[in-house]
Amino acid sequence: MTKWGFKPVSQPNKRAPVRRRGPKKKAAAKPKAAGAKKSVRKPAAKGKGGKGGGKIRSFLRRWGGLLFKLGLIGLVLGAVGVAYLDAKITRHFEGKRWAIPAKVFARPLEIYDGLKLPEAQLSWELSLLNYRLVNAKQPETGAYTRNGAVFQIGTRGFDTWEGAEKPHQVRFVLDHGRVESLTSDGKTGASVRLEPALVGGIYPAHNEDRVLVKLDQVPKLVTNALIAVEDRDFYSHFGLSPRGIGRALFTNVASGSVRQGGSTLTQQLVKNFYLSSERSLVRKGTEAVMAVLLDAHYSKDEILEAYLNEVYLGQAGKRGIYGFGSASLFYFGQPLRELKAEQVALLIGLVKGPSWYDPRRHPERSLDRRNQVLRTMLEQGVLNDAEYDFAVKKPLGVIKKPLYDDARYPAFLDLIKRQLKQDYQDEDLRSEGLRVFTTLDPWAQEQLEKAVEQQTSQLEKSFGKRLDNLEAAGVITASNTGEVVAMVGGRSFRYEGFNRALDAMRPIGSLAKPPVYLAALEQGFTLASILQDEPLQHKLADGKIWSPENYDKQSHGEVPLVNALANSYNQATVSLALQVGPAKVADVMKRLGAPRPIDPVPALALGSVDLSPFEVAQMYQTIASEGFNTHLRSVRSVLNADGEPLQRYDLEVQQRFAPADIYVLTHAMQEVIRSGTARSTNSFITPDYHLAGKTGTSNDQRDSWFAGFSGNYLGVVWMGRDDNEKTPLTGASGALRVWNQTFSRLALQPLELNQPADVEWVWVDPLQQVQTDAECPGSIEVPMRIESIPEQTIPCNPGGRVFNWFRGLVNPE
Amino acid sequence: MRSGILIVLMCGLAGCATQSSTVLEPVEQQPGWPAPAEGGRYPSQSPTPGDSGTGYSAPRTGSTSSTARRPATVAYSPSSTGVTAADALLREGNALHQRGEYGGAANNFERGIRMAPRSPALYLALAKTRLAMGDNTNAIQMANRALSLLPSGSWAADDARTEAWNVIANAREAQGDRTGAAAARQKAKGW
């Protein structure tokens, strides 16, 4: 790696004897080594006297011996000092130079024919990635054109698990929110990925942020301009530049003020790397020695690369922006290789004073400085006249806010950190420059955030004094694969804090009902089984009498199972749970994915178990993917700093339920939305999607829940108060609103389950438990396991009994 | 502006629940339903054929008036996922599998599953790759997932079922479960 052909790792002292050339290190501490002399002389010259004047010979003769000895001591001391500095230089330069925070990326947006992609989403994603809208035949990398419904994008490309995704010229038609006729570099039938948005980092304690660049990835324009402006003799000097100092001196004297520094890039690097910012002669001297040493040890390119990554270029809150790689993203939202002359000039101008020339806070000053740099670039031949004229007219072009911000999606970051900590040391996450590719879908995330924000404040407004300090949390997953696409941990979702989605353990109320009914279906009940929704007294283990009531304080008599679930009748559900047995219900919950053992008490039927929204999502995930349990995942893969794959998190499923039972249960949960407690959904999303879900309200309305899914997304929303006080909300009037708004903005796929071979749809008269003709009064059509279909079939029976539940209006919950 | 007027009108019609003492209790007609934000209606979504990415477009029964909807009988094709780009990933994945590059193959199939999450062809392909990788547990589970998604009543689907049961049989055998393997082989013949 180094000029000298060795590559120390951590303990340079041990390696000292190996060195063949160059100034001594530890070895030099034992003096008299001839090679040490050259460098030793320098600090002596700078620091204090080693120089004799024109002195009298006799004086020399008298004092010569002593002087010689003193000189020797000085030499030894100097040599020790230099050796120390030299060791210091190599240790830092060759070891791990920087702690590079792990970078966290969202999922890449994948575009292909047939993809549902609302135009609003496409525009938003393009602006999130800072693609520029241009007028051109072929947009360059990082730009796009739009002609009516035809989009053309010059994608950027990025490292992926399976290798590099190259930049492509992509063209497609967006026809009413659907991608068509997509070509990638002229080829059809392909899918292309936009680079994933950087959504955060896992920062080291000192909060230095860096995106490392390698010299061969840095455009010549950047290095040429940097050298032209900061250190013209960089490639010819030995670490110090007497010409540079002279030039600076001349300029400063001529102008009567300090306009130019004479420091070489090497000196600046030394200063940043090893020294404090104190201004003193001693420090200046040390800097000079170290600069010479650095120059002697390492190639110009190595020094330049280190400089490009080290230099301080701005501040984002408590985070320092270091190096051109991160500065490019911070100010322009673009990778360094895409920058134009005027952008390069702005960054190089910042070297002189990142806060003084801050383009966001002092745009005019910054523009002046940029143009001054452009002028120098012209004078030094880095730009020609035409390029200069073009660039100097451009506006600053700085993006309003950085593309990534460690506080943007704190709840999701919290989630991925917890997942990563199972496999990585905290120290590695903060320093090894890992690249973490997550499952976050920023569009879905923003929709969930908006819905939480708007619906909670709407509710507080409409309830006035009866409702304040309302909190909410939510999780959305890809229902088939268990990938978490969005997470909100509270109403202040931009701030790190209590993550309710993961840590608020609340009674799940009626969300426990689907597990009760699933347990019943496994025991041979059908959707047409009749339940008694009557007042009941159940003697508990402690001798107390438990008599649950319905939400509307009424009983509904004989109800088919499907309606009891759709309308969330408590008494019917408790009586069912008692028939099935609480142990069976607890077992079903466990198999669905409940994280802890569940206490098999009768009150379980009404949700007397505390779970977090994330844990509820884990359980409902199993229902939404036809009985297959999948660990909710938030990380897809991790690459190291060089883009090499480290770890991948595979899709794994485990079958926990028979598809037939889930198919039947799902139909009942579709009834919840079609005709039951969640029917308000139909005003937002067409019933053609056949969505399924369940409302949940805990005791005294302390918690408002909704969990529901389409063919591709599952969403769980909780609302309530942190102090666990009562609210006037039910699942339907609270959490469901957030769910409705969010899901109405997602590209949904309809929920159409594959009908298992052992299930058939039949018309049944529940009261008589017989099959009937279609559409008979009092009959319902439900899916049933073939073995539980009633054998007897009778034609329509006009004068039969009429259900209680059919009479009058049903009251949900 | 216009939506504001609309809300006022709707409020009037619904007796504006927020004014009276009856506060919006459980939703019946959503009298005080919060207005859609950003001054507009919620985009009303409507599905389009082929949305479900199943490898078949199911004609919808559409009878929302009736409680029930029977999914139509559907066809299955081993090379089709319902999404062209996912078909390409399936093809590439199969080619990688042939060359023994199982990691790459699995990666392709998982990517395909994200696009067409209910395609039995992709899960079956993934099951075969997991088996080849010696990951018997996941091979069995993926085969089960494919079985749960395969439609009934077509030769192609029956063939796929046979393949899935054979994957399960081989995986069980590799796990040392002879009886389970024999049972799965029996199932494989049964189709």
Side-chain angles (χ1 to χ4, degrees), chain A residues 110 112-114 116 118 161-162 178 189-191 450 454-455 458 462-463 466 478 480-481 551 626-628 650-655 659 671 674 677 680 683-690 711-712 728 730 732-733 737 741 744-745 748-750 752-755 757 761 780-782 811-813, chain B residues 17-18 23-28 30 32-37 42-48 50-54 58 60 62 64 66-71 74 82-89 104 106-108 110-111 113-115 117-118 120 126 138 141-142 144-145 147-152:
Chain A
E110 192 142 6
Y112 48 88
D113 279 349
K116 275 179 95 174
W161 174 263
E162 59 268 26
R178 184 172 285 268
S191 62
K450 256 188 217 157
Q454 290 166 3
Q455 298 297 340
Q458 282 278 2
S462 44
F463 280 99
R466 293 180 58 202
N480 292 281
T481 58
Y551 179 77
E626 286 157 305
F628 285 80
D650 291 330
L651 170 66
E652 291 178 5
V653 300
Q654 199 187 15
Q655 187 163 24
E671 280 301 301
R674 203 190 67 81
T677 53
S680 72
S683 342
F684 297 95
I685 304 167
T686 159
D688 294 348
Y689 281 105
H690 311 306
N712 54 339
T730 62
S733 64
R737 294 179 179 219
Q741 181 180 333
S744 71
R745 307 248 168 109
L748 299 181
Q749 293 178 359
E752 283 167 347
L753 298 191
N754 187 36
Q755 184 174 337
W761 285 79
I780 55 175
E781 191 187 25
V782 287
N811 280 313
E813 300 263 331
Chain B
T18 37
V23 191
L24 25 138
E25 286 298 47
V27 186
E28 291 293 352
Q30 314 99 38
W33 193 263
Y42 293 114
S44 110
Q45 294 221 9
S46 60
T48 342
D51 266 353
S52 45
T54 46
R60 212 158 281 104
T64 41
S66 143
T67 321
R69 300 160 298 94
R70 298 154 183 272
V74 285
V83 176
T84 319
D87 292 349
L89 287 168
N107 192 65
N108 264 40
E110 281 198 27
R111 246 181 99 189
I113 286 170
R114 285 194 199 106
M115 296 178 187
R118 304 184 51 77
L126 187 53
N138 284 312
Q141 292 298 342
M142 287 300 160
N144 279 329
R145 188 72 179 113
L147 285 169
S148 78
L149 291 166
L150 280 165
S152 44

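For clarity, every value in this text was computed on a predicted model and none was experimentally measured. So you know, we letter chains A, B, ... as the sequences are listed, proteins then strands, and number each from 1.
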Problem set entry | Expected output: side-chain B:Glu110 to main-chain A:Leu651 donor-acceptor under 3.5 Å | yes
For this session: Output yes when a side-chain donor or acceptor of B:Gln141 lies under 3.5 Å from a complementary backbone atom of A:Gln655, and no otherwise.
Result: yes
Problem set entry | Value rounded to 0.5 Å, distance of CG in B:Asp87 from CG in A:Asp113 | 11.0 Å
Exercise. From B:Leu89 CG over to A:Tyr112 OH, what is the distance, rounded to the nearest 0.5 angstrom?
Worked result: 10.0 Å
Nearest non-hydrogen partners of [X] and [Y], listed with the distance:
X	Y	result
B:Arg118	A:Asn754	NH2-N, 3.8 Å
B:Ser148	A:Glu626	O-OE2, 4.3 Å
A:Trp161	B:Asn107	CD1-OD1, 3.8 Å
B:Ala88	A:Gly189	CB-O, 4.0 Å

Exercise. Is there a side-chain contact between B:Ile113 and A:Asn480 (heavy atoms, below 4.5 Å)?
Worked result: no
For this session: Report the residues that fulfil salt bridge (charged side-chain N to carboxylate O under 4.0 Å, His left out) with A:Glu652, sequence neighbours left out, ordered by chain and then residue number.
Result: none
Exercise. Residues in salt bridge (charged side-chain N to carboxylate O under 4.0 Å, His left out) with B:Arg111, at least two apart?
Worked result: A:Glu110, A:Glu162
Exercise. With only heavy atoms counted, which part of A:Ala478 is less than 4.5 Å from chain B, the side chain, the backbone, both or neither?
Worked result: neither
For this session: Considering only heavy atoms and a distance below 4.5 Å, find which of B:Asn108, B:Thr84, B:Leu126, B:Asn138 pairs most often with chain A.
Result: B:Asn138
